[in-house]
Q: 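The structure follows.
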Amino acid sequence: MTIHKILKYFALVIGVIGLILLGRIIMAGDDVIEASASEQQSLITPFIWLAYLVLAVVLVLVAFFVIKGLFRGNIKNTLIAVGAFVVVIAIAYVLTDGAPVPLKDGGTLSASASHWVSAGLYVFYILAIVAVGAMVLSGIRKLIK
């Protein structure tokens, strides 16, 4: 049996379990779940653990195939891409400033957390501009040919 078939059956089983758990939550209703902590434990907790299981399986599979691909492909190009990504993160971090931010609930977001959030947004903007630029450039090259 190939890994594709195994993963297909695993996804089917997880999907059916998820549908059963979702059906239990819908049949119980919002008011019952909000009013009772024991209902939250019996209905919501299994659904959350199923999500954790799916996340763990996905992370393991992604890590496995990335490492497998690294040893099959050109590691030099991979290291260049990772290095470029680190450079983009460093540029975004340098461009941002961190200042404590008051939150709506009365708390405060620390200067360090604010700095990293801003840097993450800048990384997104930089990568989005690069992606759009690459698509435009590719389209122009196709039009020229």
Side-chain angles (χ1 to χ4, degrees), residues 1-75 77-140 142:
M1 195 181 272
T2 65
I3 192 156
H4 176 70
K5 284 187 179 182
I6 293 170
L7 290 177
K8 190 165 56 169
Y9 290 131
F10 179 73
L12 181 67
V13 169
I14 293 295
V16 169
I17 293 171
L19 282 174
I20 291 169
L21 292 175
L22 179 64
R24 288 183 59 214
I25 291 170
I26 291 172
M27 287 189 321
D30 295 344
D31 297 332
V32 173
I33 294 172
E34 289 176 7
S36 173
S38 64
E39 288 292 325
Q40 291 174 7
Q41 284 293 101
S42 69
L43 294 172
I44 305 298
T45 303
F47 203 69
I48 292 172
W49 279 107
L50 182 66
Y52 288 152
L53 172 71
V54 170
L55 178 64
V57 167
V58 167
L59 289 176
V60 166
L61 288 174
V62 166
F64 172 74
F65 285 113
V66 165
I67 292 169
K68 181 179 168 185
L70 279 176
F71 291 115
R72 258 197 207 159
N74 188 350
I75 196 149
N77 290 339
T78 303
L79 291 176
I80 289 171
V82 170
F85 186 65
V86 169
V87 167
V88 168
I89 292 172
I91 290 169
Y93 188 81
V94 169
L95 291 176
T96 60
D97 59 341
V101 177
L103 301 174
K104 289 182 181 180
D105 65 355
T108 303
L109 184 64
S110 70
S112 174
S114 172
H115 200 136
W116 280 110
V117 168
S118 298
L121 289 171
Y122 274 47
V123 166
F124 172 75
Y125 299 147
I126 292 168
L127 294 178
I129 289 169
V130 168
V132 169
M135 289 188 307
V136 168
L137 190 63
S138 173
I140 291 171
K142 282 185 180 180

Q: Between Thr96 and Ala119, what is the shortest heavy-atom contact and its length?
A: CG2-N, 3.7 Å

Q: To the nearest 0.5 Å, how far apart are CG in Leu19 and CD1 in Ile26?
A: 9.0 Å

Q: Does atom CG of Asp30 have more than 12 heavy-atom neighbours, drawn from other residues, nucleotides or ligands, at distances under 6.0 Å?
A: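 Count not over threshold, so no.
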
Q: Can you find a heavy atom in the side chain of Leu61 that is under 4.5 Å from one in the side chain of Leu7?
A: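 The answer is yes, as the side chains (C-beta and beyond) meet within the 4.5 Å cut-off.
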
Q: Is there a side-chain hydrogen bond (donor to acceptor under 3.5 Å, both in side chains) between Ser110 and Ser112? Walk through the geometry before answering.
A: CA-CA 5 Å; Ser110 70; Ser112 174; 5.1 Å; no

Q: Which pair of heavy atoms, one from Val123 and one from Val88, lies closest together, and at what distance?
A: CG2-O, 4.1 Å

Q: Give the minimum heavy-atom separation between Ala113 and Leu109, together with the two atoms involved.
A: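 Minimum heavy-atom separation between Ala113 and Leu109: CB-CD1, 3.5 Å.
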
Q: Taking all non-hydrogen atoms of both residues, which atom of Glu34 and which atom of Gln40 are closest, and how far apart?
A: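 Here Glu34 and Gln40 meet closest at O-NE2, 3.9 Å.
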
Q: If you take all heavy atoms of Arg24 and Leu43, which pair is closest and at what distance?
A: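 Residues Arg24 and Leu43, closest heavy atoms: NH2-CD2, 3.4 Å.
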
Q: Count the heavy atoms of every other residue, nucleotide or ligand shown that sit under 6.0 Å from OH of Tyr52, and state whether that count exceeds 12.
A: no

Q: Just verifying a value: how many Å separate Leu53 CG and Ile14 CD1, rounded to the nearest 0.5 Å?
A: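 Output value for this atom pair is 5.0 Å.
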
Q: What pair of heavy atoms forms the shortest contact from Phe47 to Leu22, and how long is it?
A: CE1-N, 3.9 Å

Q: Backbone N or O of Glu39 within a donor-acceptor pair of the Ser42 side chain at under 3.5 Å?
A: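 At least one qualifying donor-acceptor pair exists.
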
Q: Please round to the nearest 0.5 Å and tell me the distance separating atom OH of Tyr93 and atom OH of Tyr122.
A: 14.0 Å

Q: Quick check for you: to the nearest 0.5 Å, what is the distance between Ile67 atom CD1 and Arg72 atom CZ?
A: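 Answer rounded to 0.5 Å: 13.5 Å.
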
Q: Could you measure the distance from the CD1 atom of Ile129 to the CZ atom of Phe124? Nearest 0.5 Å is fine.
A: 10.0 Å

Q: Side chain of Ser118, backbone of Ser114: donor and acceptor closer than 3.5 Å?
A: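 Yes, the answer is positive, given that a donor and an acceptor are paired below the 3.5 Å cut-off.
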
Q: At what distance, to the nearest 0.5 angstrom, does CG of Leu95 lie from CD1 of Ile126?
A: 6.5 Å

